[in-house]
K.L.:
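Structure incoming, see below.
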Amino acid sequence: MIISFWASHRAGHSSVSAYRGTCGHRPMDSYYGMSRVVGGTDAQLGAWPWIVSIQKPIIGGIAHVCGGSLISPQWVLTAAHCFITPGHITMWHVVIGASHLTQLGPETQVRTIKRLLVHEHYNNITQRNDIALLELDQPVLCGYYVQLACVPDAWLRVSQLRSCYVSGWGSTTARAGGPSYVLQEAKVRLIDIKLCNSSRWYGGAIHSHNLCAGYPQGGIDTCQGDSGGPLVCKDNTNDYFWLVGVTSWGRGCARPNQPGVYTSTQHFYDWILLQMGLRSARRDSPTAQPWSHFLSTSSPSQRPRPTPAPTQSGSISSCPFPRQKLVEFFTLLKELLQFLRGKKA
């Protein structure tokens, strides 16, 4: 079961259509089936193909610290509080395409961190603006086990999404014990911010750029080691997922009326693009307009339907699909055509 950790931080806390230019897909769905989780369970390899393990050098090796989400071939979105004492950040590792951290397979890719960008207004006491970006030393290759997450802009009505999931390698006990070396997943519900901020819940500690997710009765939550990891919700109409939140903080683990608190990626959409060099600083506050702004300025028929698009930067126009996989596909296609020709003859 995925649960949460100390009183303020969680640090240490279908089939695919075309891979090119897409995001939010889970290629292994057709093999494993869609997860329907009510409690935390071991995730199958490739179940959440955008999640990464951020690892810090320690004496005698390297250890998992936080999670993150691949949003571009060379960029990972995570939480700022994971890097309060980063040290030599270029010596940290980012592990992509893994499920069991002590048994990395051939599908796993490992990168180092070229650059860390923490939100300029992050406050480690109030946890305001708890968001950060990592630029990897080189792009990753997409495939069945590695895919990009979709960051929603202001047009998506996040509150209406119904099927949401968290995942991570954090503690699996309410007392925030050691990390889980096997990726965990759990289904959660988005909780109304007003309820989450009420006196018997978080009593005003929730910011406008936060999301709450979990259950009023507790029992399922993110925990120590899950910080920076993804809160994703399936699109209500189509077969892809939106990365709506970054695991940020919580009081204890899986307590009643104390659900997980997440940084809203939608709120920081423009900030993300700005840091990646995809948008110029055109206004003082590089954050997306709230949905209420669009409700007052346009009719439903005028609002564009949000569609997933990966956040790209630099000369990389897509998440490159490994050549080996393409060769395998065309080889199988060739064999199929030869079989059909022989059958007709």
K.L.:
I want to check something: taking the side chain as every heavy atom from C-beta on, are Leu156 and Tyr269 in contact at a cut-off of under 4.5 Å?
P.N.:
no
K.L.:
Can the ring centres of Tyr202 and Trp249 be said to be less than 6.0 Å apart?
P.N.:
yes
K.L.:
Is a donor on one side and an acceptor on the other found under 3.5 Å between the side chain of His100 and the backbone of Thr102?
P.N.:
yes
K.L.:
Please confirm whether the backbone N or O of Gly143 pairs with a side-chain atom of Gln147, one donor and one acceptor, at under 3.5 Å?
P.N.:
yes
K.L.:
Quick one: does Gln138's side chain have a donor or acceptor within less than 3.5 Å of a partner on Leu136's backbone?
P.N.:
no
K.L.:
Just wondering, do Gln44 and Ser99 contact through their side chains at under 4.5 Å, heavy atoms?
P.N.:
no
K.L.:
Verify side chain to side chain contact (heavy atoms under 4.5 Å, CB included) between Tyr122 and Ile84, making sure each step is shown before the conclusion.
P.N.:
CA-CA 10 Å; Tyr122 167 63; Ile84 294 178; 4.2 Å; yes
K.L.:
How long is the span from the CD1 atom in Ile54 to the SG atom in Cys66, to the nearest 0.5 Å?
P.N.:
6.0 Å
K.L.:
Evaluate the side chain to side chain contact (heavy atoms under 4.5 Å, CB included) criterion for residues Lys56 and Ile62: first the C-alpha distance (whole Å), next the side-chain angles of each, then the deciding distance (0.1 Å), finally the verdict.
P.N.:
CA-CA 5 Å; Lys56 180 179 181 178; Ile62 193 163; 5.6 Å; no
K.L.:
Looking at side-chain heavy atoms only, is the closest gap between Ser159 and Leu190 below 4.5 Å?
P.N.:
no
K.L.:
Could you tell me which non-hydrogen atom of Glu185 sits nearest to which non-hydrogen atom of Asp42, and how far apart they are?
P.N.:
OE2-O, 4.1 Å
K.L.:
Which heavy atom in Pro256 sits nearest to a heavy atom in Gln217, and how many Å separate them?
P.N.:
CG-O, 3.7 Å
K.L.:
Applying the 4.5 Å side-chain criterion to the ILVMFWY set and letting contacts propagate, would Val110 and Ile51 be lumped into a single cluster?
P.N.:
no
K.L.:
Quick check: do Leu133 and Trp271 have side-chain heavy atoms less than 4.5 Å from each other?
P.N.:
yes
K.L.:
What residue among Cys23, Cys233, Pro230 forms side chain to side chain contact (heavy atoms under 4.5 Å, CB included) with Leu243?
P.N.:
Pro230
K.L.:
Let me confirm one number: the CD1-CE distance from Ile89 to Met91, rounded to the nearest 0.5 Å.
P.N.:
11.0 Å
K.L.:
So if you build clusters from Ile, Leu, Val, Met, Phe, Trp, Tyr with side-chain heavy-atom gaps below 4.5 Å, do Leu117 and Leu77 land together?
P.N.:
yes
K.L.:
What distance separates Leu134 CG from Cys82 SG, expressed to the nearest 0.5 Å?
P.N.:
8.5 Å
K.L.:
Taking Trp48 as the fixed residue, which of Trp169, Tyr165, Tyr145 is the one that meets the ring pair (Phe, Tyr, Trp, His ring centres under 6.0 Å) rule?
P.N.:
Tyr165
K.L.:
Do Leu104 and Val140 sit in one hydrophobic cluster, given that two such residues count as connected whenever their side-chain heavy atoms are within less than 4.5 Å of each other, even indirectly?
P.N.:
no
K.L.:
Checking Asp192 now: which residues fulfil side-chain hydrogen bond (donor to acceptor under 3.5 Å, both in side chains) with it, not counting sequence neighbours?
P.N.:
none
K.L.:
Is it the case that the side chain of Thr78 and the backbone of Gly67 share a donor-acceptor pair, with hydrogens and angles ignored and the cut-off at 3.5 Å?
P.N.:
yes
K.L.:
Specify the closest pair of heavy atoms between Phe268 and Thr263, including all atoms of both residues, with the distance to one decimal.
P.N.:
CE1-CG2, 3.4 Å
K.L.:
Between Arg115 and Trp75, is there a side-chain heavy-atom distance shorter than 4.5 Å?
P.N.:
yes
K.L.:
Ring-plane angle category for His25 and Tyr240, please: parallel below 30°, perpendicular beyond 60°, tilted otherwise.
P.N.:
perpendicular
K.L.:
Which heavy atom of Ile113 sits nearest to which heavy atom of Leu116, and what is that distance?
P.N.:
CG2-N, 4.4 Å
K.L.:
Within this structure, what is the NZ-OG1 distance for the pair Lys234 and Thr237, rounded to the nearest 0.5 Å?
P.N.:
8.0 Å
K.L.:
Any donor and acceptor pair, going by atom type alone, linking the side chain of Arg26 with main-chain N or O of Gly46 inside 3.5 Å?
P.N.:
no
K.L.:
Is Ile191 reachable from Val246 through a run of I, L, V, M, F, W or Y residues, each pair having side-chain heavy atoms under 4.5 Å apart?
P.N.:
no
K.L.:
Under the ring pair (Phe, Tyr, Trp, His ring centres under 6.0 Å) test against His267, which residue among His119, His209, His207 passes?
P.N.:
His209
K.L.:
So, His81 and Asp130: side-chain donor and acceptor under 3.5 Å apart, yes or no?
P.N.:
yes
K.L.:
Are Val95 and Trp92 linked, directly or through intermediate hydrophobic residues, by side-chain heavy-atom contacts shorter than 4.5 Å (ILVMFWY only)?
P.N.:
no
K.L.:
Are Ile71 and Trp50 close enough that some pair of their side-chain heavy atoms sits under 4.5 Å apart?
P.N.:
no
K.L.:
Between the main-chain N or O of Asn124 and the side-chain N or O of Gln127, is there a donor-acceptor pair closer than 3.5 Å?
P.N.:
yes
K.L.:
Got a second to check how far Arg189's CZ is from Ser163's OG, nearest 0.5 Å?
P.N.:
11.0 Å
K.L.:
State, to 0.1 Å, how close Asn210 and Ile193 come at their nearest heavy-atom pair, and which atoms those are.
P.N.:
O-CD1, 3.3 Å
K.L.:
Using modelled atom types only, decide if a donor and an acceptor are shared between the side chain of Asp226 and the backbone of Gly170 within a distance under 3.5 Å.
P.N.:
yes
K.L.:
Would you compute the distance between atom CG of Leu161 and atom CZ of Arg157 and round it to the nearest 0.5 angstrom?
P.N.:
10.5 Å
K.L.:
Verify the distance criterion only: is there a donor paired with an acceptor across the side chains of Asp153 and Gln266 at less than 3.5 Å?
P.N.:
no
K.L.:
Contact between Ile206 and Cys212 at the side-chain level, heavy atoms closer than 4.5 Å - yes or no?
P.N.:
yes
K.L.:
Testing the basics here: between Ser69 and Gly229, what is the closest heavy-atom pair and its distance to 0.1 Å?
P.N.:
OG-C, 4.5 Å
K.L.:
Is the shortest side-chain heavy-atom distance between Lys194 and Trp201 below 4.5 Å?
P.N.:
no
K.L.:
Checking Lys187 against Tyr215 for the side chain to side chain contact (heavy atoms under 4.5 Å, CB included) test, could you report, in this order, the C-alpha distance in whole Å, the side-chain angles of both residues, the deciding distance, and whether it holds?
P.N.:
CA-CA 10 Å; Lys187 189 171 185 179; Tyr215 297 93; 4.2 Å; yes
